[in-house]
Participant: 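Attaching a single structure in structure tokens format; questions to follow.
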Amino acid sequence: MTPLRIELLINNQEVPGIAYQSVMDPGRHAEQVGELAQASVAQVDDAVRAAHAAFAGWSRTPVDERVRLLQAIATLLDAQAPQVAELMARESGMLVPTCRMEVATAAHIVRDNAAMATDFLAPDVREDAASWVSVEKRPMGVVVGIISWNAPVVLTMRKLAPALACGNTIIIKPSPTAAMGLSLLLRQIASILPPGVVSVLHGDADVGTALTTHPLVRKVSFTGGGKVASIIMRNAAASMKDVQFELGGNDPAIVLEDADIDEVVPRIAGGAFRRAGQFCFAVKRVYVPESIYDDFFARLAREVDAFRVGHPLDAAATMGPMNNRAQWQFVKDLIARARQAGEDVRELGGLLEPSAADAGYYLRPALVHRADPASEIVQLEQFGPVLPVVAYRDEESAIRMANDNELGLGSSVWSRDRERALSIARRLDAGMTFINQAGASRLGQRHIPFGGVKQSGIGRESSEIGMGEYIEYHGINYHKPAAQA
Ligand code: NAD
């Protein structure tokens with residue numbers, strides 16, 4: 001059988017690559033999912049020039065028309081979710097229902113951006129006797145979106161929707177280990193837009209470098225790790241590009257002794273082990289008061305023990321494999337070093353097919369009992385299915401430990417007492433704090449600017465603040481003739 005081959009997309013044309021990367025199933029090493037065309041530096045230049053040429057017309061397309069097209073993109077995503085989910089699951093290791101939900105969430109994101117664009121882009125006009133002033137928002141030009149593997153469609157739409165709403169054109173570079181489903185969706189999205197408005201290039205650091213150094217690119221919006229973000233920042237500096245970074249998190253969950261444990265435990269387990277822990281605002285460390293620690297840990301262990309690890313196409317699986325070898329090895333090594341250092345790591349859950357454990361990047365979900373707050377496994381972002389649970393004596397020390405980290409993306413506080421939870425939330429070094437949940441509500445998704453402080457990133461996504469990342473201000477001042485003034 002010929003493997004599914006995904007080409008590049010430049011100027012709405014499918015373009016063959018200079019080479020093809022074989023995409024293997026992370027849950028079944030022996031199975032090839034397809035082949036991904038790799039772009040050359042010359043093709044990066046072609047795509048940027050096409051996007052630059054398309055910008056002239058797209059930026060002048062009336063906003064109502066751009067909004068109509070965004071709504072059509074959202075409808076397309078909803079319609080495609082069932083078809084693309086299986087392919088996304090096979091290439092990324094994420095469960096099929098998770099992939100289906102991801103595409104549906106991406107459609108919401110596009111609709112939210114469509115709904116706010118017209119008001120957001122309206123000029124701010126003032127007038128006095130002597131003059132008239134208009135502060136206008138204009139698009140930047142060619143935007144590049146560089147995406148990580150763990151939620152490719154959502155992460156892409158958080159960039160593409162506001163960028164297009166504001167009149168920019170965009171080139172997406174997906175992650176090499178989660179590109180196929182995303183690229184197919186982008187092809188269909190591009191087909192309802194003028195040529196060159198959306199392009200897709202596959203590759204890794206070489207293509208990323210060519211994009212982030214190209215003088216016609218005005219902005220780089222990146223989701224991924226801090227190391228690559230530093231390289232991009234240096235590369236973007238030469239031509240003074242705007243950069244926006246959505247980077248890692250090491251999100252603390254602070255449980256207070258009055259929390260409703262029955263409610264908290266499943267939410268924390270879901271918030272830590274969904275996508276096998278591979279998402280940026282996953283719960284990455286838990287702080288529990290000494291007074292309830294043993295009960296809390298026992299209940300959390302029971303909850304985590306119920307996870308069934310298996311291939312993403314297996315309907316019985318509640319946790320899939322890791323996405324790639326490097327991340328799988330990183331988490332395994334982290335656990336091995338923690339054990340060597342005396343940490344009590346407890347592997348839980350069950351493998352649906354124990355004999356196939358070595359056929360994919362499988363890890364069982366694990367908890368670290370009474371983790372040392374200074375240990376590496378608490379201090380580093382694990383981005384995998386191992387959760388350290390730290391005991392604390394008083395609220396002050398819990399806040400201090402939560403803030404004692406270079407990352408500051410999300411965080412959560414768990415309590416029945418709203419005021420007490422709020423007062424702790426306001427003292428956390430984080431871009432977002434969720435109270436009694438491990439993520440945002442639908443209202444929160446619309447209105448909270450998504451992003452982090454310290455080394456978790458620069459700038460925000462979602463909401464009007466996120467849309468503001470894709471515009472330049474243009475101030476126009478009309479001086480009235482002396483006779484009118
Ligand atoms: P990564 O930094 O290794 O790769 C991200 C992307 O950068 C990939 O598309 C990769 O091909 C590309 N890239 C690699 N070298 C490049 C270069 N020199 N120039 C330009 N692009 C280059 O990250 P990852 O391993 O894919 O993702 C994991 C990280 O992403 C974790 O730290 C996670 O927390 C973070 N993340 C953050 C968010 C957020 O919104 N804050 C969301 C998801 C993931």
Side-chain angles (χ1 to χ4, degrees), residues 21 26 36 38-39 41 44 92-94 102 105 109 144-159 171-179 182-183 200-214 217 220-237 241 243-251 274-284 322-331 380-384 405-411 430-432 439-440 445 448-462 466 469:
Q21 173 208 330
L36 207 51
Q38 304 294 290
V41 171
V44 170
S92 73
M94 305 297 162
E102 179 180 333
T105 304
I109 292 171
V144 163
I146 299 179
I147 313 295
S148 66
W149 80 74
N150 60 313
V153 184
V154 157
L155 301 177
T156 298
M157 293 308 142
R158 282 204 193 138
K159 303 178 192 311
I171 300 172
I172 299 294
K173 196 207 79 60
S175 163
T177 54
L182 171 62
S183 203
V200 190
L201 296 175
H202 307 129
D204 203 2
D206 45 352
V207 173
T209 302
L211 281 167
T212 54
T213 50
H214 199 294
V217 170
V220 180
S221 178
F222 170 78
T223 300
K227 282 195 190 111
V228 174
S230 299
I231 297 170
I232 291 176
M233 206 166 189
R234 277 197 294 276
N235 284 342
K241 294 184 203 323
V243 291
Q244 179 191 1
F245 294 147
E246 295 292 339
L247 309 178
N250 192 4
D251 296 13
R274 192 156 33 99
R275 294 181 184 269
Q278 301 164 101
F279 65 108
C280 54
F281 65 98
V283 172
K284 305 248 170 78
M322 304 292 289
N323 170 271
N324 60 75
R325 175 173 291 281
Q327 192 60 26
W328 174 75
Q329 195 62 52
F330 171 78
V331 178
L380 276 192
E381 179 191 35
Q382 65 276 55
F383 216 64
N405 204 271
E406 268 308 308
L407 299 177
L409 185 63
S411 53
M432 302 167 289
Q445 286 168 10
I448 288 180
F450 188 99
V453 301
K454 299 196 270 192
Q455 291 189 30
S456 281
I458 297 179
R460 293 290 187 274
E461 293 194 322
S462 306
E469 296 278 351

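FYI, the numbering just counts along the sequence from 1. Order of listing sets the numbers, starting from 1, for every ligand and every atom in it. Worth saying up front: this structure is predicted, and the values here are computed from it rather than measured.
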Participant: What about the rings of F383 and W328, do their centers lie closer together than 6.0 Å?
Facilitator: no

Participant: Before signing off on this row, confirm whether T223 and ligand 1 have an N or O atom pair separated by under 3.5 Å.
Facilitator: no

Participant: Could you find the nearest protein heavy atom to atom 39 (C) of ligand 1 and give me its residue, atom name and distance?
Facilitator: C280 SG, 3.3 Å

Participant: Which of the atoms in ligand 1, numbered in the order shown and given with their element, are less than 4.0 Å from a heavy-atom of P176?
Facilitator: 11 (O)

Participant: Among all protein heavy atoms, pick out the one at the shortest distance from atom 1 (P) of ligand 1; state its residue, atom name and that distance to 0.1 Å.
Facilitator: G225 N, 3.8 Å

Participant: Using a 4.0 Å heavy-atom cut-off, say whether L211 meets ligand 1 through its side chain, its backbone, both or neither.
Facilitator: neither

Participant: Any carboxylate oxygen within less than 4.0 angstrom of a Lys/Arg side-chain nitrogen, looking at E469 and R460?
Facilitator: no

Participant: What protein heavy atom sits nearest atom 12 (C) of ligand 1, and how far off is it?
Facilitator: I146 CG2, 3.7 Å

Participant: Quick check: does G224 get an N/O under 3.5 Å from an N/O on ligand 1?
Facilitator: yes

Participant: Distance to 0.1 Å, residue and atom name: give those for the protein heavy atom nearest to atom 16 (C) of ligand 1.
Facilitator: V228 CG1, 3.4 Å

Participant: Name the closest protein heavy atom to atom 28 (C) of ligand 1, giving the residue it belongs to and the distance to 0.1 Å.
Facilitator: F383 CE2, 3.8 Å

Participant: Quick one: do R275 and E102 make a salt bridge, cutoff under 4.0 Å?
Facilitator: yes

Participant: Looking only at protein heavy atoms, which one is nearest to atom 9 (O) of ligand 1, and what is the separation?
Facilitator: I147 O, 2.8 Å

Participant: What residue and atom, counting heavy atoms only, is the protein's closest point to atom 10 (C) of ligand 1, and at what distance?
Facilitator: D204 OD1, 3.4 Å

Participant: Which bit of E381 is near ligand 1, meaning a heavy atom under 4.0 Å away: side chain, backbone, both or neither?
Facilitator: side chain

Participant: Heavy atoms only: which of S148, G145, A236 is nearest to atom 27 (O) of ligand 1?
Facilitator: S148

Participant: Could you see which bit of F279 sits under 4.0 Å from ligand 1, with heavy atoms only: side chain, backbone, both or neither?
Facilitator: neither

Participant: If you apply the rule side chain to side chain donor-acceptor pair (under 3.5 Å), what do you find for T177 with N323, and how did you get there?
Facilitator: CA-CA 7 Å; T177 54; N323 170 271; 2.7 Å; yes

Participant: Does only the side chain of N235 get under 4.0 Å from ligand 1, or the backbone, or both, or neither? Count heavy atoms.
Facilitator: neither

